[in-house]
Q: 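Please find one structure pasted underneath; my questions will follow.
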Amino acid sequence: MATSPLPAARDPSFEGVFGPYSINATDRREVLAYRLSLTAVAIGQLGLLLQWRQWGPTLLWPWLLLMATGLGLALRWIHIYLRPLHRALQLFWLLGCLGGLLLAQRAGVGQMGETLLEQPLWILALGPFFAALAGVGFKEFFCFRRPEAVGVTLLLPLALLGRLVGVLSNHATALLLAFESVLLLVLCLRKFPMPAAADVGDKSVFLHLEAQRLGTAAGAIAAAEAPEGR
């Protein structure tokens with residue numbers, strides 16, 4: 001006797017501020033991509049600091065490339081429903097990457113670390129990148145109240161600004177950054193067991209804001225195309 005196929009599992013549904021919404025397969029893929037990308041940033045930062053400690057500040061560019069790629073992808077997949085804030089973090093990432101390319105062009109790819117040690121003003125060029133990373137940490141704390149997210153949000157600017165103005169030594173800066181990178185890795189690892197819905201958040205807010213944006217844009221186009229005098 002033939003058996004009837006099992007019904008397909010339905011996507012979980014939730015009640016949001018602006019109505020019901022569901023978490024589908026696309027949402028789950030985006031959340032996984034975000035978590036993996038952010039983990040790549042943490043691994044890249046830890047690898048960079050360990051290599052710096054063991055073999056000195058030369059040839060660190062593979063770790064910098066991993067961090068830049070990871071954060072760029074994380075900001076691609078992160079769920080931030082306020083579009084201006086999302087775009088601002090992406091802009092900071094881009095400016096920081098351009099600053100890193102400028103440093104590589106001026107100092108040479110293999111000497112980027114040594115140049116940062118000798119000329120801390122170059123922190124200003126890379127600063128927007130780490131501002132974007134601190135912004136991700138703030139988002140994680142705002143959404144989940146994780147203590148390790150506070151460390152990422154506060155220790156990054158504290159370490160870099162402290163070194164920039166000469167308050168912190170190279171050793172103290174490295175210790176703060178090492179502690180921050182460990183906290184970032186802990187933050188990432190604790191995210192994987194969480195359901196995807198936690199990172200997606202209230203999807204109804206996004207749908208509502210997107211509908212408003214599209215409606216406003218359609219209205220502006222209609223007004224621009226309307227004949228004069230009508």
Side-chain angles (χ1 to χ4, degrees), residues 23 26-46 48 61-105 112 116 122-144 146 148-161 164 177 180-181 183-185 187-188 191 194 196 198-214 216-217 220:
I23 303 298
T26 299
D27 296 321
R28 291 189 286 272
R29 284 195 299 269
E30 290 182 353
V31 168
L32 179 59
Y34 167 68
R35 294 173 180 178
L36 290 173
S37 300
L38 195 59
T39 303
V41 179
I43 292 173
Q45 193 173 4
L46 274 173
L48 183 149
W61 66 267
W63 300 114
L64 292 171
L65 182 61
L66 178 60
M67 291 174 62
T69 304
L71 186 57
L73 292 174
L75 290 173
R76 167 66 179 84
W77 303 118
I78 194 172
H79 285 81
I80 298 178
Y81 297 144
L82 294 177
R83 185 178 292 264
L85 178 57
H86 192 179
R87 292 291 181 259
L89 292 179
Q90 290 176 323
L91 178 61
F92 286 151
W93 169 82
L94 177 60
L95 291 175
C97 289
L98 291 176
L101 290 175
L102 179 61
L103 173 60
Q105 189 272 330
M112 295 172 70
L116 279 172
W122 276 106
I123 293 174
L124 292 174
L126 303 178
F129 176 90
F130 293 101
L133 182 55
V136 173
F138 178 78
K139 180 262 182 188
E140 290 293 333
F141 172 74
F142 183 81
C143 294
F144 304 110
R146 292 287 174 83
E148 58 269 23
V150 179
V152 174
T153 306
L154 297 181
L155 292 181
L156 264 177
L158 178 62
L160 297 178
L161 290 176
L164 179 63
L177 290 177
E180 174 270 324
S181 61
L183 291 176
L184 179 59
L185 183 60
L187 171 68
C188 294
K191 291 184 70 63
M194 295 168 57
D199 269 325
V200 174
D202 188 345
K203 193 176 173 182
S204 72
V205 174
F206 169 75
L207 297 174
H208 174 75
L209 293 175
E210 192 67 8
Q212 280 191 328
R213 186 182 70 84
L214 294 176
T216 301

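Quick caveat: nothing in here was measured; it's all calculated off a predicted structure. Worth knowing before you read on, the calculation uses all heavy atoms, side chains too, and leaves out hydrogens, waters and symmetry mates.
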Q: What are the two closest heavy atoms between Tyr81 and Asp202, and how far apart are they?
A: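 Closest approach of Tyr81 to Asp202, heavy atoms only: CE1-O, 3.0 Å.
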Q: Could you measure the distance from the CG atom of Leu154 to the CZ atom of Phe141? Nearest 0.5 Å is fine.
A: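 It is 9.0 Å, given to the nearest 0.5 Å.
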Q: Just so I know, are the side chains of Leu133 and Gln45 near enough to count as touching, which here means a heavy-atom distance under 4.5 Å?
A: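 The answer is yes, as the side chains (C-beta and beyond) meet within the 4.5 Å cut-off.
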Q: Give a yes or no answer on whether the side chain of Glu140 reaches the backbone of Arg146 with a donor-acceptor pair at less than 3.5 Å.
A: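 A pair under 3.5 Å: no.
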Q: Quick check for you: to the nearest 0.5 Å, what is the distance between Leu103 atom CG and Trp122 atom CH2?
A: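 Reported value, rounded in 0.5 Å steps: 5.0 Å.
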Q: Walk me through it: do Phe144 and Asp199 pass the test side-chain contact (heavy atoms from CB on, under 4.5 Å)?
A: CA-CA 9 Å; Phe144 304 110; Asp199 269 325; 3.6 Å; yes
Q: What I'd like to find out is whether the side chain of Glu180 reaches to under 4.5 Å of the side chain of Leu183, using heavy atoms alone.
A: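 No - every pair of side-chain heavy atoms lies 4.5 Å or more apart.
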Q: So, His86 side chain and His79 main chain: donor-acceptor pair closer than 3.5 Å or not?
A: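 Side chain of His86 to backbone of His79: no pair is present.
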Q: In Å, rounded to the nearest 0.5 Å, how long is the span from CG of Leu85 to CD1 of Ile80?
A: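 With rounding to 0.5 Å, CG (Leu85) is 5.0 Å from CD1 (Ile80).
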Q: Taking all non-hydrogen atoms of both residues, which atom of Thr153 and which atom of Ala134 are closest, and how far apart?
A: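 Closest approach of Thr153 to Ala134, heavy atoms only: OG1-O, 3.8 Å.
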Q: Between Ala196 and Val31, which heavy-atom pair has the shortest distance, and what is it?
A: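 So the minimum-distance heavy-atom pair works out to O-CG2, 3.7 Å.
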Q: May I ask you to test the Phe129-Cys97 pair for a side-chain heavy-atom distance under 4.5 Å?
A: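 Yes, at least one pair of side-chain atoms sits under 4.5 Å.
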Q: Determine whether Thr69 and Leu73 make a side-chain contact, defined as any pair of heavy atoms from C-beta on separated by less than 4.5 Å.
A: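 When only atoms from C-beta onward are counted, Leu73 and Thr69 do touch, with a gap below 4.5 Å.
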Q: Just verifying a value: how many Å separate Leu64 CG and Met112 CE, rounded to the nearest 0.5 Å?
A: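 Here the rounded value is 5.0 Å.
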Q: Heavy atoms, side chains only, cut-off 4.5 Å: are Leu126 and Leu116 in contact?
A: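 Counting from C-beta outward, Leu126 and Leu116 do come under 4.5 Å.
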Q: Is there a side-chain contact between Leu66 and Trp63 in this structure, where contact means two heavy atoms from C-beta onward sitting under 4.5 Å apart?
A: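 When only atoms from C-beta onward are counted, Trp63 and Leu66 do touch, with a gap below 4.5 Å.
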Q: If I compare all heavy atoms of Gly70 with all of Ala40, which pair ends up nearest, and what's the gap?
A: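 Gly70 and Ala40 have their closest heavy atoms at CA-CB, 4.4 Å.
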Q: Could you state the interatomic distance from CD1 (Ile43) to CG (Leu48), rounded to the nearest 0.5 Å?
A: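 Rounded to the nearest 0.5 Å, the CD1-CG separation comes to 13.5 Å.
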Q: Answer whether the closest heavy-atom distance between the side chains of Leu71 and Val136 falls below 4.5 Å.
A: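 Side chain of Leu71 against side chain of Val136, heavy atoms only: contact under 4.5 Å found.
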Q: Could you go through Leu98 and Leu102, starting from their C-alpha distance and side-chain angles, then the distance that decides it, and tell me whether this counts as side-chain contact (heavy atoms from CB on, under 4.5 Å)?
A: CA-CA 6 Å; Leu98 291 176; Leu102 179 61; over 6 Å; no
Q: Could you pull out the closest heavy-atom pair between Lys191 and Tyr34, with the gap in Å?
A: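 Result for this residue pair: CE-CE2, 3.8 Å.
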Q: For Phe92, is the CZ atom crowded, meaning more than 12 foreign heavy atoms sit under 6.0 Å from it?
A: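 12 or below, so no.
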Q: For Phe138, does the CZ atom sit with more than 12 other heavy atoms under 6.0 Å from it, leaving out its own atoms?
A: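 Open.
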Q: Would you say the side chain of Leu46 lies within less than 4.5 Å of the side chain of Leu184, judging by non-hydrogen atoms?
A: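 A side-chain contact under 4.5 Å is absent here.
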Q: In Å, rounded to the nearest 0.5 Å, how long is the span from CD of Gln90 to CZ of Arg76?
A: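 Gln90 atom CD to Arg76 atom CZ measures 8.5 Å (nearest 0.5 Å).
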Q: Can you name the nearest heavy-atom pair linking Met67 to Gly44, along with the distance?
A: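 Scanning both residues, the minimum pair turns out to be CG-C, 3.7 Å.
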